[in-house]
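All chains are named by letter (A, B, ...) in the order of the sequence lines, taking the proteins before the strands, and each is independently numbered beginning at 1.
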Amino acid sequence: MTPRACEALIKLKLEVILEAGAGLDAGYPDEEYSRRGVRLGSRAQVFEEAAVVVQARAPGANPDGGGADLAALKPGQILIGFGEPMTALRETAEIAQRGVSFFAMEMVPRITRAQAMDALSSMASIAGYEAVLIGAVTLPKLMPMMMTAAGTLTPAKVLVLGAGVAGLQAIATAKRLGAVVSAYDVRSAVREQIESLGAKFVVLDIESAEGEGGYAKQMDEAYYRRQRELLAAVLREQDIVITTAAVPGRKAPILVTKEMAEAMLPGSVIVDLAAERGGNCELTQAGHTVVHQGVTIVGPVNLPSRAPYHASQMYGTNVVNLLKLMVNKEGALTINLDDEVIRGTLVTHEGKVVNPKVSQLLEAGVNA
Amino acid sequence: MTPRACEALIKLKLEVILEAGAGLDAGYPDEEYSRRGVRLGSRAQVFEEAAVVVQARAPGANPDGGGADLAALKPGQILIGFGEPMTALRETAEIAQRGVSFFAMEMVPRITRAQAMDALSSMASIAGYEAVLIGAVTLPKLMPMMMTAAGTLTPAKVLVLGAGVAGLQAIATAKRLGAVVSAYDVRSAVREQIESLGAKFVVLDIESAEGEGGYAKQMDEAYYRRQRELLAAVLREQDIVITTAAVPGRKAPILVTKEMAEAMLPGSVIVDLAAERGGNCELTQAGHTVVHQGVTIVGPVNLPSRAPYHASQMYGTNVVNLLKLMVNKEGALTINLDDEVIRGTLVTHEGKVVNPKVSQLLEAGVNA
Amino acid sequence: MTLGVYQLLYIIAAGSFILALMWMSSPATARRGVLTGEAGMLLAVVGTLLRHEVVNYDWIVAGLVIGSAIGIPIAIWMPMTQVPQRTAISQACGALASALIGTAEYYRQKPHGFEMGALGLEMLLGFLTTTASVMAFGKLNEMLPSRPITFKGQNIVNLSLLGVAAAIVGYLVVHPEASFLFPIFVTLAAVFGILLIIPIGGADMPTVIALLNSYAGLSACSMGFALDNKLLIIAGALDGSSGFILSIIMCRAMNRSFTNVLFGGFGQLQTSAGGGKEARPVRSATPEEAAGILADARSVVVIPGYGMAVAQAQHKIRELHDVLTKRGVEVRFAIHPVAGRMPGHMNVLLAEADVPYDKLVEMEDINSDMGMTDVALIVGANDIVNPAALNDPGSPIAGMPILDAYKSRTIMIIKRGMSAGFAGIDNELYYMDKTLMLFGDAKSFVASLVKEISSNHD
Amino acid sequence: MTLGVYQLLYIIAAGSFILALMWMSSPATARRGVLTGEAGMLLAVVGTLLRHEVVNYDWIVAGLVIGSAIGIPIAIWMPMTQVPQRTAISQACGALASALIGTAEYYRQKPHGFEMGALGLEMLLGFLTTTASVMAFGKLNEMLPSRPITFKGQNIVNLSLLGVAAAIVGYLVVHPEASFLFPIFVTLAAVFGILLIIPIGGADMPTVIALLNSYAGLSACSMGFALDNKLLIIAGALDGSSGFILSIIMCRAMNRSFTNVLFGGFGQLQTSAGGGKEARPVRSATPEEAAGILADARSVVVIPGYGMAVAQAQHKIRELHDVLTKRGVEVRFAIHPVAGRMPGHMNVLLAEADVPYDKLVEMEDINSDMGMTDVALIVGANDIVNPAALNDPGSPIAGMPILDAYKSRTIMIIKRGMSAGFAGIDNELYYMDKTLMLFGDAKSFVASLVKEISSNHD
Amino acid sequence: MNLEFGLYVFMLAAFLGFQLIRKVSPLLHTPLMSLTNAIASISVVGAILISGEKDASMLSRVLGFVAVVSATTNLVSGYLITDRMLKMFKKREPARK
Amino acid sequence: MNLEFGLYVFMLAAFLGFQLIRKVSPLLHTPLMSLTNAIASISVVGAILISGEKDASMLSRVLGFVAVVSATTNLVSGYLITDRMLKMFKKREPARK
Ligand SMILES: NC(=O)c1ccc[n+]([C@@H]2O[C@H](COP(=O)([O-])OP(=O)(O)OC[C@H]3O[C@@H](n4cnc5c(N)ncnc54)[C@H](OP(=O)(O)O)[C@@H]3O)[C@@H](O)[C@H]2O)c1
Ligand SMILES: NC(=O)c1ccc[n+]([C@@H]2O[C@H](COP(=O)([O-])OP(=O)(O)OC[C@H]3O[C@@H](n4cnc5c(N)ncnc54)[C@H](OP(=O)(O)O)[C@@H]3O)[C@@H](O)[C@H]2O)c1
Ligand SMILES: NC(=O)c1ccc[n+]([C@@H]2O[C@H](COP(=O)([O-])OP(=O)(O)OC[C@H]3O[C@@H](n4cnc5c(N)ncnc54)[C@H](O)[C@@H]3O)[C@@H](O)[C@H]2O)c1
Ligand SMILES: NC(=O)c1ccc[n+]([C@@H]2O[C@H](COP(=O)([O-])OP(=O)(O)OC[C@H]3O[C@@H](n4cnc5c(N)ncnc54)[C@H](O)[C@@H]3O)[C@@H](O)[C@H]2O)c1
């Protein structure tokens with residue numbers, strides 16, 4: 001939450017308590033907050049006193065401090081944050097048990113009206129940008145073309161696999177740096193979007209796979225195999241490959257196998273944005289950089305934290321916009337379950353897991 | 001030396017021996033060389049057999065392995081490489097004593113004809129580019145402006161101090177990434193050049209200081225103080241400051257003092273390309289990243305090594321072009337002292353230090 | 001080897017007409033051209049009056065006075081928008097004069113041979129142009145149906161009519177005394193004039209009038225041959241050729257085929273693409289028209305959307321910004337937070353095209369200015385300016401903030417057709433009275449705008 | 001009311017000359033123009049031979065044969081570089097013919113009044129042009145000193161000479177029998193021709209020749225008045241006016257004042273930025289002219305330099321690339337390794353303007369194509385195309401590889417003035433015959449090129 | 001002789017008309033149309049000659065009179081309206097720049 | 001009558017010459033100069049008339065002969081060289097499109 005976001009909340013007639021020093025890493029000193037009327041306190045104080053607790057990483061998404069936070073939650077409290085409710089099922093169930101109303105930011109429905117709360121898109125934007133920077137820094141070449149007295153440096157070739165929000169941002173950033181950019185996505189509908197950024201769409205000879213709400217749907221293994229074969233040829237010419245392919249709630253598909261990576265140019269780089277979900281490359285190790293036969297595979301986690309200033313700004317705005325839906329003119333909180341956005345985002349409420357997908361998964365988990 | 005550069009040498013009827021594995025880090029495997037007719041050998045073998053030894057960092061510029069190399073040099077041998085002859089006086093004197101003809105790449109005269117051999121420019125280009133990447137990665141913000149559903153991200157402000165080759169390249173790269181770029185240089189003549197890249201020239205109210213051959217000349221302390229005062233105001237608004245100011249053969253001038261850095265925005269970044277020569281920022285520690293009161297000061301050394309593939313390509317081309325001046329049609333070596341480029345670059349020859357500036361410094365050193 | 005006064009005046013008059021046309025072909029000297037043309041005409045009239053053949057002034061003076069009495073009001077009170085109509089009716093008068101003179105001359109002399117031929121051509125062109133001009137006037141004034149009327153065998157009928165008229169002239173050349181043929185000839189020429197215009201649509205009328213102009217000139221030229229008058233030959237020939245070229249140029253500028261106008265009958269209208277829904281009328285405009293509005297605006301807000309990205313029109317848009325700014329028009333860019341298909345989509349493209357950051361305005365800031373904006377130029381955007389987001393709670397985009405383009409004084413929307421945007425819904429904005437649809441690919445349409453503004457508005 | 005054969009032929013000949021000039025004014029149709037001109041001349045000669053006044057053919061045929069025998073070798077063996085000289089000497093012949101015909105006519109008829117006046121003008125212009133053309137030939141061939149020779153009171157001497165000659169004509173108009181005056185008149189005219197050229201420098205000679213051309217045309221025109229020959233009047237007048245305009249245009253293109261050429265004696269050149277060095281003439285062109293050449297080219301190589309960066313002309317250049325490419329012109333960019341002021345300077349700017357990478361060609365690759373390139377368009381580059389790097393070992397840039405722009409068929413150089421580049425040296429390229437200097441800021445000049453090509457060449 | 005003359009003049013004038021208009025700005029199409037229309041009213045010369053003749057028949061005279069009236073109408077309105085149109089261009093001029 | 005005629009024709013032709021050349025491409029300056037020079041050799045018509053006359057004096061005849069020779073020289077070399085010049089342009093032409 002940036003000072004400005006807190007200010008916006010205060011304008012909504014809410015009182016804001018902030019854990020002291022929480023904004024420091026992102027470049028927001030405590031004074032900025034207190035100057036705007038934010039009360040500072042310890043983490044415990046925050047959990048103790050607040051009706052709404054806003055976190056970036058709620059217990060489900062925070063293996064380190066999540067447990068402690070979980071314990072500090074009080075019934076009737078509202079919790080807002082990323083919480084991976086579809087995978088961190090245990091934490092989610094526990095949050096429900098504690099009687100907390102948990103709004104998981106990743107569940108914001110992908111409808112037009114909810115774009116202002118869509119923190120996934122915000123974070124994906126930053127991730128796409130940062131991925132290119134990582135690629136550029138790692139690559140033993142320069143990105144742009146340069147014709148100099150010491151010879152001509154050819155421009156780097158960048159391939160983006162998966163042109164969702166992050167992928168598109170990666171395309172734009174790589175184009176900016178002067179690379180020759182191409183991109184591929186299973187949803188052939190994004191071809192126009194890729195071209196609208198001046199990049200080339202790589203045509204593989206397999207059919208499209210667009211699911212509901214803009215997310216790609218899960219495809220069968222034969223499909224992925226065919227895709228990999230065709231991709232291998234394209235990969236061999238690239239300097240940087242940025243993979244962003246994801247299918248919501250599942251492990252990321254493997255797009256680049258070990259063999260495919262080995263066939264790439266020595267010195268080339270793979271930046272795998274799906275690292276947190278198992279990676280699009282077989283060799284990816286989340287949080288680590290692997291060099292395999294001359295090819296560097298970077299598996300960054302929590303990329304938005306590399307641009308904490310802007311990430312906080314965007315996330316803060318998203319949360320404020322969500323809270324606006326729950327606060328009436330007098331600053332009182334209400335959870336209006338008729339609102340599509342509220343209903344979609346709310347995972348646990350009044351002691352129960354209310355999101356149908358999550359409860360399905362929970363039941364499946366109990367059965368298994 | 002890239003495989004292609006070696007090929008060019010072989011075309012000049014020279015025989016080429018390469019230390020095995022030398023190209024690996026830059027992405028050039030040994031096979032690439034041997035396929036082109038290059039003989040591979042150990043480092044010792046290279047020094048033993050070659051009439052011309054080409055290095056990136058000759059003993060003067062290589063504190064780690066330089067001593068060993070120095071010992072391996074043989075009288076009559078030609079040595080080509082960066083060797084910091086103006087500062088590494090001891091090594092230079094020793095090279096002279098060993099009867100080696102040493103061509104220091106940093107001494108290539110800045111005349112039009114010598115542009116093809118001007119490795120300083122080549123390396124500065126890469127350094128300027130890499131500096132921006134470092135800045136971008138370090139900065140807790142995104143560089144470009146983005147107007148999104150989660151608010152508008154303002155573009156980063158980048159200030160480049162010293163618009164020589166590296167500075168100009170930094171300007172160009174930062175512009176590419178979408179930053180708002182301004183630049184400052186003591187030589188007011190570069191104003192047009194800065195503007196020719198679409199950046200703003202920061203006008204400080206002090207007079208110009210252009211010396212001979214395009215290098216800035218050394219100014220007195222009063223001058224630098226005044227410069228710092230005026231700069232301080234500009235610095236306060238910047239997100240990234242890239243300093244490249246250098247005066248040849250001397251310690252780099254301090255442009256950003258401790259106080260000035262402290263007054264900068266929290267989260268802002270200084271990338272000091274002059275780190276190797278003492279730094280343009282008082283807080284710079286060469287080879288280290290310092291965080292001081294929220295401001296990150298990066299003091300990178302040997303930046304070109306971050307893009308070894310292209311750096312090798314450029315350096316190789318430069319060296320080949322220099323060697324072309326010394327090789328006649330039959331592949332025999334001659335050192336033609338009438339050639340301005342040869343004369344300028346040659347530091348030690350036939351047992352003596354022949355470069356007047358270096359020998360002056362040597363004498364001064366002996367006297368002191 | 002000497003010149004009479006009137007001959008000298010004629011020569012000067014001819015020179016004046018040439019200078020008039022020459023000066024008229026550039027805006028800077030155009031008015032000088034008209035004045036010169038007027039002076040030339042005055043000299044021609046004065047010179048003629050001075051000729052010793054002319055002895056009876058009463059009828060002439062009466063004619064001149066009455067003519068002026070009719071002409072001046074027409075010129076002064078005719079609204080500017082009706083210039084083509086005015087020209088048509090004035091044309092009819094001129095051509096009628098020519099035709100009547102031919103008639104008089106025929107009955108006076110019954111000449112034969114070359115002179116009769118010239119006279120015949122004069123009258124043919126004169127009568128034809130008279131009726132054709134009246135028809136054109138009717139179509140332009142919508143007193144006649146302005147849509148093209150075609151029937152089977154039209155061309156054959158027209159051609160045979162013309163053939164018969166020509167044959168009569170041929171016969172008269174040899175037997176000038178066969179005056180019973182004369183009324184038939186006159187009728188044929190007049191009917192031919194009508195038939196010529198019937199198959200041509202109202203939109204082509206200005207071009208047709210230019211062409212009829214040329215005919216009138218040729219008629220005067222033939223008169224010159226018949227009466228042995230050099231001034232008539234020169235002025236007529238100048239007029240004939242320049243009118244002809246002008247009509248060709250106008251055809252090209254209006255994107256219609258000259259042969260179609262010449263032979264008529266192909267002026268079909270395109271039907272708009274309203275999909276399955278009941279088609280609602282929209283107003284569309286050409287690049288020329290849109291350019292005129294933009295060039296005269298004081299403030300323009302450009303609203304780019306996904307269509308700009310698809311068309312990769314960002315560079316052209318920057319050019320448009322440049323030419324308008326150079327004219328003193330204030331141009332700003334309103335960037336909607338979700339314009340395009342990714343966060344910052346417009347930013348990356350406009351930055352690439354080097355649009356200065358300070359020209360990009362956020363939604364909240366620009367919306368308050370929208371009411372004072374002369375033109376909102378929407379380039380390939382749709383959902384982000386759709387008022388349904390504000391007005392229609394049932395709409396899929398309800399609740400999304402929009403750029404209030406609907407508040408601006410004029411709205412121009414560049415898109416390829418009437419299809420919907422990302423949200424798949426129709427847009428009320430398109431049907432507003434102050435909206436002009438500019439149909440075309442964003443890149444090429446903006447390019448035409450730039451070209452038009454930079455070449456015709458400076 | 002009928003035409004003789006020769007009259008018809010004359011009319012056709014006159015039409016041919018008009019078409020010849022019309023077609024000649026665009027490169028695409030120029031050859032057709034010449035052929036038409038030749039045909040016209042043939043018709044004129046044949047027509048004349050057919051006239052019943054002409055009865056003695058032997059002298060004529062002999063004359064024609066001898067004339068061709070002299071003319072053909074001149075045309076075939078004269079090196080192309082000496083076209084101005086050739087034109088000068090051929091001019092002298094034509095003018096001499098005109099003068100001699102006048103002389104013969106004078107002695108034959110001793111006419112008075114208008115005819116004598118026309119004859120006098122014919123002879124004055126004829127003799128004057130004859131001697132002036134010979135002088136111009138001498139100066140161009142450097143048989144005479146090519147620098148301008150001026151003396152005090154030059155204008156007074158010239159004018160009084162002309163005045164006396166005119167007075168003699170005036171006297172002869174009234175007293176044609178005073179033939180003793182005739183030789184004096186001829187001498188005066190001839191001397192005047194010489195004096196006219198003396199004060200004009202060699203560099204202005206091409207313009208002077210165009211002007212003399214115009215005089216020769218007017219002489220033929222006067223002859224037409226004297227002999228009552230319409231063809232002579234038309235051809236002479238066409239020639240007179242087009243020659244006159246041509247000389248004005250050429251003056252403008254070569255950056256010199258027309259009045260100076262007309263009255264001579266001020267033949268100073270502006271001093272080029274070569275410092276103390278002797279000033280040299282360059283040819284410059286307007287955006288319209290340059291646009292015409294670019295639009296008609298098959299292949300264009302754009303050579304950007306530091307000036308493009310200073311002017312920030314990269315976006316305009318991409319537009320130029322776009323409009324030319326759309327016309328089917330092959331456009332490539334030749335990037336010199338040290339163009340601009342930093343490595344990759346051109347790359348970053350052209351990438352910003354979205355010029356496709358595959359349009360950028362390295363120096364080594366493009367140099368071999370340069371000889372087959374129609375136009376090398378140099379935009380604010382200087383040192384990197386300076387042939388001194390190859391030819392002059394003493395030059396500060398000796399040894400630097402350059403882009404071989406000098407090999408291309410036409411060279412156009414956009415820069416603001418004649419000032420030097422980074423290396424501070426003059427550039428031979430600017431003074432080549434096939435070079436056109438396009439003076440102006442690169443951004444605005446390229447913008448005018450784009451505008452011109454897109455509006456007038458489609 | 002007359003025919004020869006006429007043909008020369010016609011040819012030259014026709015070429016000239018063509019050359020003059022060839023490159024006109026589209027802005028001027030309408031005024032130019034109006035101007036050429038006004039020039040076509042040169043037939044007033046013929047009308048005057050016909051009706052002013054000494055021994056003109058009544059037919060000639062009436063036809064001539066009508067011709068003078070209509071040609072004059074064309075002439076006057078043609079020139080005036082062209083002028084009016086161009087004045088409007090002028091008016092916009094000063095406001096610009 | 002003759003003078004009137006001459007003046008008309010002169011005026012028209014002079015205007016026409018001006019209009020035709022006004023916008024010529026600078027590439028064509030030299031060939032055009034050469035062509036107008038060749039057209040000036042129309043004086044060959046006068047020369048033929050003078051020297052071909054039935055009862056021409058010796059003086060006329062000689063002058064006429066010299067005039068024919070020089071005008072023909074001008075004519076022939078003028079056209080040929082213009083053509084040669086343009087052929088050099090032409091060579092590039094066919095390669096187009
Ligand atoms: N920014 C984001 O992060 C993001 C992400 C996902 C979705 N969205 C959604 O995308 C939409 C963005 O709105 P928008 O107004 O920018 O786009 P839009 O509503 O999709 O409308 C684009 C319009 O451009 C026209 N067009 C397409 N190609 C064109 C061309 N070549 N030339 C001219 N016109 C062309 C289309 O009409 P014709 O076919 O008739 O030409 C279309 O109506 C919003 O609904 C937003 O919610 C945004
Ligand atoms: N690339 C590098 O790394 C580097 C580094 C340092 C030095 N250099 C040197 O820089 C030079 C580069 O050659 P170059 O040909 O690119 O540049 P140049 O030789 O410096 O010539 C640039 C020309 O552009 C013209 N110009 C300047 N501003 C203009 C404007 N706004 N519009 C139109 N023209 C303009 C100038 O002429 P007017 O003033 O008459 O307009 C000037 O002659 C070489 O000598 C090279 O050695 C290169
Ligand atoms: N309607 C809205 O308001 C709204 C809001 C945000 C996003 N969206 C849209 O939703 C879509 C998805 O966004 P996201 O970034 O969250 O997606 P994501 O992170 O779920 O997936 C990233 C991309 O990977 C692709 N992908 C999946 N499997 C793949 C495979 N095997 N090979 C190649 N590519 C594969 C997907 O198609 C997707 O484009 C985007 O098109 C975006 O525009 C819409
Ligand atoms: N003629 C040639 O062929 C040629 C070749 C290469 C470079 N050059 C020129 O040489 C010049 C210097 O190049 P470089 O990059 O090696 O320079 P450098 O590395 O020596 O210095 C970098 C820059 O710092 C500036 N500087 C020095 N002290 C400063 C201070 N106190 N404050 C601010 N700025 C200060 C200098 O002016 C210079 O621009 C450039 O202009 C370049 O174009 C010319």
Participant: Between Met223(D), Glu122(D), Glu330(D), Met372(D), which shows the greatest number of heavy-atom pairs under 4.5 Å with chain F?
Facilitator: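 Max contact count across the listed options: Met223(D).
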Participant: If you count heavy-atom pairs under 4.5 Å with chain F, which of Leu96(D), Thr103(D), Val45(D), Ile18(D) comes out on top?
Facilitator: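 It is Ile18(D).
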Participant: Given 3.5 Å as the limit, does a donor-acceptor pair link the side chain of Ser241(D) with the main chain of Ala14(F), or not?
Facilitator: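 Yes; at least one donor-acceptor contact below 3.5 Å.
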Participant: For the backbone of Tyr6(D) and the side chain of Arg51(D), can you confirm whether one donor and one acceptor N or O come within less than 3.5 Å of each other?
Facilitator: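 A pair under 3.5 Å: no.
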Participant: Non-hydrogen atoms of chain F under 4.5 Å away: do they reach the side chain of Ile89(D), the backbone, both or neither?
Facilitator: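 Ile89(D) has no heavy atom closer than 4.5 Å to chain F.
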Participant: Looking at chain F, which one of Ile60(D), Ile70(D), Ile74(D), Ile209(D) has the largest number of heavy-atom pairs inside 4.5 Å, strictly under?
Facilitator: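 Of the options given, most contacts go to Ile60(D).
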Participant: Measuring from atom CD1 of Ile234(D) to atom CG of Leu16(F), what distance do you get when rounded to the nearest 0.5 angstrom?
Facilitator: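 Answer rounded to 0.5 Å: 9.5 Å.
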Participant: Below 4.5 Å from any heavy atom of chain D, which atoms of Val44(F) appear? Answer side chain, backbone, both or neither.
Facilitator: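 For Val44(F), the side chain is the part near chain D, not the backbone.
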Participant: Who pairs with Arg108(D) by salt bridge (charged side-chain N to carboxylate O under 4.0 Å, His left out), at least two apart in sequence or on another chain?
Facilitator: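 In terms of salt bridge (charged side-chain N to carboxylate O under 4.0 Å, His left out), with neighbours along the sequence ignored, Arg108(D) is linked to Glu105(D), Glu53(F).
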Participant: Examine whether an atom of Ile42(F) lies under 4.5 Å from a heavy atom of chain D, and if so say whether it belongs to the side chain, the backbone or both; otherwise answer neither.
Facilitator: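 Interface part for Ile42(F): both.
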Participant: Is chain D contacted by the side chain of Ser57(F), its backbone, both, or neither, given a heavy-atom distance below 4.5 Å?
Facilitator: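 For Ser57(F), no heavy atom lies under 4.5 Å from chain D.
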Participant: Does any backbone or side-chain atom of Ala97(D) lie under 4.5 Å from a heavy atom of chain F? Answer side chain, backbone, both or neither.
Facilitator: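 Both parts, backbone and side chain.
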